[in-house]
Amino acid sequence: MSMRRKTELNAEGFTVKATLKNAVVVGPRASRVFHECPAKPSTFRKYYERGELPIAVKHENRGNSIAWKVDVETLDYHHYLPLFFDGLTETAFPYELFARQGIHDMLDRGGPKILPVIPQLIMPIRNALNTRNHQVMCTTVKVLQHLVMSADKVGEALVPYFRQILTVFNLFKNKRKNLGDGIDYDQLEKEDIGKLINETLQIFERYGGPDAYINIKYMIPTYQSCLMN
């Protein structure tokens, strides 16, 4: 029986086994869902290099910090807070330090100035999460926790933007240090991004008002309420 005849029988519903010499079996492509996506130099970096940010490095015995050249309370939050959030994609010194600590300082002292700026923060938050960089993601998730609790109604104001923020959360929420009976030794010296994400989802639910849970559940079907259970 020729190979052509076998092909015809197979098309009619018969099971046919054929041996192909020198055949090379190519496996499925490796998933790139967790691969890092390098970010371009941020606008925040450009402003710093031009000397247009009111900050400087403060050298202390316990490590470096930032020194503000103006009172934080007097800053234009519509201009500076989104700019500092844009720096969340940075991993190099001093840009990462300035962006991270600058954000926390502004959130600590911003009060009612923070809520009106929320729509301008969503794009830089999403850009930072989409880098898939472990350091950047951990920093950004911690910033989100602080943001939600920084002022009244901020948690509720974030709910309409969950679809833009939580896509990456859904991918990484189960990426934990402890993998069943084994340990991911590559993460022993790193922060647990899965744990941080789950903590943040609970904060979103607690501070996000009555619509928070259903919107989290829509984006992350496996999420279990921390208030209903």
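All values derive from a computational prediction rather than experimental measurement.
Between Phe44 and Leu88, every side-chain heavy-atom pair lies at or beyond the 4.5 Å cut-off. Within the 4.5 Å cutoff, side-chain heavy atoms of Leu166 are placed close to those of Phe204. Val57 has its side chain out of reach of Ile66: every pair of non-hydrogen atoms, C-beta onward, lies at least 4.5 Å apart. Residues Thr74 and Trp68 form no side-chain contact, since every pair of their non-hydrogen atoms from C-beta on lies 4.5 Å or further apart. Put simply, the side chain of Thr222 reaches to within 4.5 Å of the side chain of Ile220, judged on heavy atoms. Side-chain atoms of Met137 and Val168, non-hydrogen and from C-beta on, do get closer than 4.5 Å to each other. Residues Ile165 and Arg126 fail the side-chain proximity criterion, which asks for heavy atoms closer than 4.5 Å. Between Tyr213 and Tyr223, the closest side-chain pair of non-hydrogen atoms falls below 4.5 Å.
Atom NZ of Lys40 is separated from atom OG1 of Thr131 by 14.5 Å, given to the nearest 0.5 angstrom. Here the NZ-CG distance, from Lys46 to Leu53, works out to 13.5 Å after rounding to the nearest 0.5 Å. To the nearest 0.5 angstrom, Leu147 atom CG is 5.0 Å from Phe85 atom CZ. Interatomic distance, Thr43 OG1 to Asp86 CG, rounded to the nearest 0.5 Å: 4.5 Å. Distance check: Leu121 CG to Leu158 CG gives 8.0 Å after rounding to the nearest 0.5 Å.
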Enumerate, atom names and distances included, each donor-acceptor pair closer than 3.5 Å involving a side-chain atom of residues 90-101, sequence neighbours excluded.
unit_1 : atom_1 : unit_2 : atom_2 : d
Glu90  : OE1    : Arg45  : NE     : 3.4
Glu90  : OE1    : Arg45  : NH2    : 2.7
Glu90  : OE2    : Ser42  : N      : 3.1
Glu90  : OE2    : Ser42  : OG     : 2.7
Glu90  : OE2    : Arg45  : NE     : 3.2
Tyr95  : OH     : Glu49  : OE2    : 2.9
Glu96  : OE1    : Arg100 : NH2    : 3.3
Glu96  : OE2    : Arg100 : NE     : 2.6

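Between His104 and His146, the angle of the ring planes stays under 30°, which puts this pair in the parallel group of the 30/60° scheme.
Distance alone, capped at 3.5 Å, is enough to place a donor-acceptor pair between the Thr167 side chain and the Arg163 backbone.
By the side chain to side chain donor-acceptor pair (under 3.5 Å) test, Ser150 is found to be paired with no residue, residues two or more places apart in sequence or in another chain being considered.
Screening Ile103, Thr89, Ile125 for a side chain to side chain contact (heavy atoms under 4.5 Å, CB included) with Thr140, the sole residue that qualifies is Ile125.
For residues 113-124, no pair satisfies salt bridge (Lys or Arg N to Asp or Glu O under 4.0 Å), with sequence neighbours left out.
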